[in-house]
2 protein chains.
Amino acid sequence: MTARRPTIDDVARLSGVARTTVSRVLNDGPNVRDEVRARVMEAVKALDYKVNPQARSLAGGGSRLLGLVFASDLESEPNSFYHSALELGALRGCLELGYQLVTRHIPLQSADREQQVYDLIATQRCEGLIFTPPYSDDAALIAEVLRRRCRVVSISPGGAGRDLADGVGMDDEAGGYDIARRLIELGHRRFAFMGGIQGHLSADRRLDGLMRALSEAGLGASDLIQVRGDFTFRSGVELTPRLLDDPLHPTALVCANDDMAAGALSVVHGRGVKVPQDLSVTGFDDTPVSAIVWPPLTTVHQPLKDMGRRAVALLASRLTGGRAEAEPEFDCLDHAVVERGTAASAP
Amino acid sequence: MTARRPTIDDVARLSGVARTTVSRVLNDGPNVRDEVRARVMEAVKALDYKVNPQARSLAGGGSRLLGLVFASDLESEPNSFYHSALELGALRGCLELGYQLVTRHIPLQSADREQQVYDLIATQRCEGLIFTPPYSDDAALIAEVLRRRCRVVSISPGGAGRDLADGVGMDDEAGGYDIARRLIELGHRRFAFMGGIQGHLSADRRLDGLMRALSEAGLGASDLIQVRGDFTFRSGVELTPRLLDDPLHPTALVCANDDMAAGALSVVHGRGVKVPQDLSVTGFDDTPVSAIVWPPLTTVHQPLKDMGRRAVALLASRLTGGRAEAEPEFDCLDHAVVERGTAASAP
DNA sequence: GCCTTTGTTGGAAGCGCTTCCAATTTGCGA
DNA sequence: TCGCAAATTGGAAGCGCTTCCAACAAAGGC
């Protein structure tokens, strides 16, 4: 009944090597013969050994502190699910791997935003930072953080972010394409797109996908009207009238996230327009919002919690694993169109 | 620039005692003279010393594993904000205090639900469990868990939970009272209440508060119609017609959580009833849902993230702090009515 | 064939803390 | 006043891991 977990010494004993060697294998260190490495891994499997993150971090030195940076203003969006889901995932990852996490909301409009990021490194001693859009594509910022010997992982990078640092995300272009494709199948020919803030490249890529689907269907720029919001419910509310009143009279409104779609929905209801009979509306992310609005929102599922967890794993592998100086890697997670009640045949 | 964090030895040196003694002070151990205790605490403050949870858990033995138990079915509610917020808070607490967390959804209808809980103790070796409603009031279950020498904290216990184990929550009765009071001030005299599942005592207490406000205003049971939902958006949708069609013709609908209120809202819109002009609707919890429905929901703010974190802190204080055998304690956090757009003067 | 590199392995210290146990001091009844 | 138990304090081991450094073996270079 003494279900004591096996320790690194148990593994060492079983595989007939020194503790040091096991540690090297576990951390992808150099200078271990393949034969020995295999033997150790075998013992690890046989014992179902898992490293004790507490012990590792104690011995490993360093702060073991990671930072999660959001661009949004916590005052105006205290409870967004996007943030919660990402943080939840990151927190789970930290717990598994023995890291600590500090979450920081640094509004884009703060004059000293770069400074606030650097403080995370200098004062808080973060060893790695997770940037969310649009920070995840701020090449200058990322380069400077890297220069200060702090690791970086970008969430949903669209461009520069991918070349400089590891990234996690989904194929946003494909997501945009898939949802548009579905709408086209339903007979829609006139579209509206509600995008995100300037610099949020992954949201722009959703639009790229939409455009690709359009052109494949023989449609072009004149069949689409677009506006930029800021991902909040409020901006969805504010921008929708402009779309509805446009001479194009779109029959499908594609939004770059669920909150804006929810905002659009509420305006549409107020005008007596029927969803989905008169107008189809789609979201993006598949947050709980999509199930709570009426009708429930057809959207694209993005695995936010997994993304948060993967981001931490990537940082960890840079920090202690063998990937210290490896080429930047992009971890692309699966997405899926979730059909609920807001997309139907074109009127 | 070597901003090494002070260690327990630094504190010991500064206060002129042995490391052992500092440890005793830090853990509220017995057998330390008050004078020494004070001296140590002074040094702690002077150095701004914080214990290193990793080291503590390494040395302390035990699994340092905590469990968070939800009654909901993860299949049907994969993304509820209530769950996320609680888990997020608990996770933050675990990270601060050096614990691990496993989250488990055990539907009430599972035949072997007790067994699943016990497995958390026997197989997973959890040292403490956090129960959410209605598990938090399941006296038999809590007693059995306690008997197996596993600590318990109840989230929002309404009755039995409070006597047996520590608890965290808000004053639900007062919350119900406050929101009803506001509605009465607005001139409402005929009420509907959408409650939660049987056994969810904290939701029942919200109703108690409502009743108290009613009777203070000279109103009684005949001025109220009530139904029970299951906290899901769907149940809000299903139950609202019954309320709307009731001969009482309520002018205010008080819901036991935000999701059900959102469901009610969507039905109400569909019928052409104007909110808040014709009908006031209120929620409970102040999750992001309340900001993305239309109109934004007037609700009662419940500090879910704080509750999760406090639950972990309470467990930790039982486990290593001095509260090992202390009387059960209830940690009551503040709530507040958040006025948004769904409550207005009675028609 | 001898010496230097390079590659591979093990020994041992130590991360910051808890805890067992021994040492010392104090309190108090006879 | 003495003796013994209780209260208080300190010493030291050790939790599971990383890492520095030394030891040794194999591989080239002259």
Side-chain angles (χ1 to χ4, degrees), chain A residues 2 4-40 43-44 47 49-65 97-100 125 127 316 319-322 324, chain B residues 2 4-40 43-44 47 49-65 96-100 127 316 319-322 324:
Chain A
T2 34
R4 206 183 102 273
R5 291 215 62 93
T7 74
I8 193 173
D9 287 320
D10 295 324
V11 176
R13 205 169 311 121
L14 182 61
S15 47
V17 299
R19 183 202 300 185
T20 314
T21 302
V22 177
S23 175
R24 255 189 294 264
V25 171
L26 260 25
N27 293 295
D28 280 323
N31 300 338
V32 182
R33 272 183 306 148
D34 288 348
E35 186 251 319
V36 174
R37 189 181 298 273
R39 191 141 43 90
V40 171
V44 166
L47 294 171
Y49 168 78
K50 300 265 187 300
V51 299
N52 177 330
Q54 329 267 7
R56 171 179 278 181
S57 63
L58 221 209
S63 67
R64 290 249 150 193
L65 224 205
L97 299 170
Y99 285 84
Q100 303 273 83
R125 318 212 149 257
E127 300 184 288
L319 254 13
T320 59
Chain B
T2 33
R4 206 181 101 274
R5 291 214 62 91
T7 73
I8 194 173
D9 287 321
D10 295 324
V11 176
R13 204 171 309 123
L14 182 61
S15 47
V17 299
R19 183 202 300 185
T20 314
T21 304
V22 177
S23 175
R24 256 190 293 264
V25 172
L26 260 24
N27 293 295
D28 279 324
N31 299 338
V32 182
R33 274 184 305 148
D34 288 348
E35 186 250 319
V36 173
R37 190 181 297 272
R39 193 142 40 90
V40 170
V44 166
L47 294 171
Y49 168 78
K50 301 266 188 298
V51 299
N52 177 329
Q54 329 267 6
R56 170 178 279 181
S57 61
L58 222 209
S63 68
R64 291 249 152 192
L65 224 207
E96 283 167 12
L97 299 169
Y99 285 85
Q100 303 273 86
E127 300 184 288
L319 254 13
T320 59

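Proteins get letters first, then strands, A, B, ... in listed order; numbering begins at 1 in each. Since we're looking at a predicted model, the values are computed, not measured.
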Participant: Which one, C:dG11, D:dT18, D:dG11, comes nearest to the side chain of A:S23?
Facilitator: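 From the listed options, D:dT18 comes nearest.
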
Participant: Measuring from atom CZ of A:R56 to atom CD of B:Q54, what distance do you get when rounded to the nearest 0.5 angstrom?
Facilitator: 12.0 Å

Participant: Closer than 4.0 Å, any side-chain N/O of B:R56 to the OP1 or OP2 of C:dT18?
Facilitator: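 Checking C:dT18 against B:R56, a side-chain N or O does come within under 4.0 Å of OP1 or OP2.
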
Participant: A:T20 side chain: which of D:dG16, D:dC20, C:dG16 is closest?
Facilitator: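 Within the option list, the nearest is D:dC20.
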
Participant: Please state how far atom CZ in B:R13 lies from atom P in D:dT9, giving the value in whole angstrom units.
Facilitator: 20 Å

Participant: Could you state the atom-to-atom distance from CG of B:N52 to C1' of D:dC15 in whole Å?
Facilitator: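 Result: 13 Å.
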
Participant: Can you tell me the distance, in whole Å, between the CG atom of A:D10 and the C1' atom of D:dG16?
Facilitator: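 Whole-Å distance recorded here is 10 Å.
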
Participant: Can you check the A:R37 CZ to C:dG7 P distance for me, whole Å?
Facilitator: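 So the two atoms are 14 Å apart, to the nearest Å.
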
Participant: Tell me the interatomic distance from A:L319, atom CG, to D:dT18, atom C1', rounded to whole angstroms.
Facilitator: 14 Å

Participant: Counting side-chain heavy atoms from C-beta on, which of C:dG10, D:dT18, D:dG10 comes nearest to A:I8?
Facilitator: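 The closest nucleotide is D:dT18.
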
Participant: Tell me: CG of B:L58 to P of C:dT18, nearest whole Å?
Facilitator: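 These atoms are roughly 11 Å apart.
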
Participant: Go through the steps for A:R5 and A:N52 under the test side-chain contact (heavy atoms from CB on, under 4.5 Å), then give the verdict.
Facilitator: CA-CA 9 Å; A:R5 291 215 62 93; A:N52 177 330; over 6 Å; no

Participant: A:T7 has a side chain; which of C:dG16, D:dG16, C:dG11 sits nearest to it?
Facilitator: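 Per side-chain heavy atoms of A:T7, the pick is D:dG16.
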
Participant: Send over the distance from B:R24 CZ to D:dA7 C1', rounded to a whole Å.
Facilitator: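 It works out to 11 Å between those atoms.
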
Participant: Measure from the side chain of B:A59, starting at C-beta and using heavy atoms only, and say which of D:dG10, C:dT18, D:dT18 lies closest.
Facilitator: C:dT18

Participant: From C-beta outward on B:V36, which listed nucleotide comes closest to its side chain: D:dG14, C:dG11, D:dT9?
Facilitator: D:dT9

Participant: Without decimals, in angstroms, what is the distance between A:R64 CZ and C:dG16 P?
Facilitator: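 Computing the A:R64:CZ to C:dG16:P distance gives 14 Å.
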
Participant: Whether B:T21 contacts D:dT9 is assessed here as follows: a side-chain N or O lying under 4.0 Å from the phosphate OP1 or OP2. Is that the case?
Facilitator: no

Participant: Looking at A:R5 and D:dG16, is any side-chain donor or acceptor paired with a base atom of the opposite kind under 3.5 Å?
Facilitator: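 Answer no: no donor N or O sits under 3.5 Å from an acceptor.
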
Participant: State whether A:N31 places a side-chain N or O below 4.0 Å from either non-bridging phosphate oxygen (OP1 or OP2) of C:dT8.
Facilitator: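 So the side-chain polar atoms of A:N31 do come within 4.0 Å of the phosphate oxygens OP1 or OP2 of C:dT8, strictly under.
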
Participant: Nearest of D:dG16, C:dT9, C:dG10 to any side-chain atom of A:A55?
Facilitator: D:dG16

Participant: Taking OP1 and OP2 of D:dT9, is either one under 4.0 Å from a side-chain nitrogen or oxygen of B:R33?
Facilitator: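 For D:dT9, OP1/OP2 do have a side-chain N/O of B:R33 under 4.0 Å.
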
Participant: Which atoms form the tightest heavy-atom contact between A:T7 and A:Y49, and what is the distance?
Facilitator: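 Minimum heavy-atom separation between A:T7 and A:Y49: C-CE1, 3.4 Å.
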
Participant: Tell me, with the steps shown, if A:V11 and A:V25 meet side-chain contact (heavy atoms from CB on, under 4.5 Å).
Facilitator: CA-CA 11 Å; A:V11 176; A:V25 171; over 6 Å; no

Participant: Below 4.0 angstrom from OP1 or OP2 of D:dT18, is there any side-chain N or O of A:N27?
Facilitator: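 So the side-chain polar atoms of A:N27 do come within 4.0 Å of the phosphate oxygens OP1 or OP2 of D:dT18, strictly under.
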
Participant: Hey, could you give me the OG/CG distance between A:S57 and B:L58, rounded to the nearest 0.5 Å?
Facilitator: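 So the OG of A:S57 and the CG of B:L58 are separated by 8.0 Å.
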
Participant: Yes or no on side-chain contact (heavy atoms from CB on, under 4.5 Å) for B:D10 and B:L14, after CA distance, side-chain angles and deciding distance?
Facilitator: CA-CA 6 Å; B:D10 295 324; B:L14 182 61; over 6 Å; no

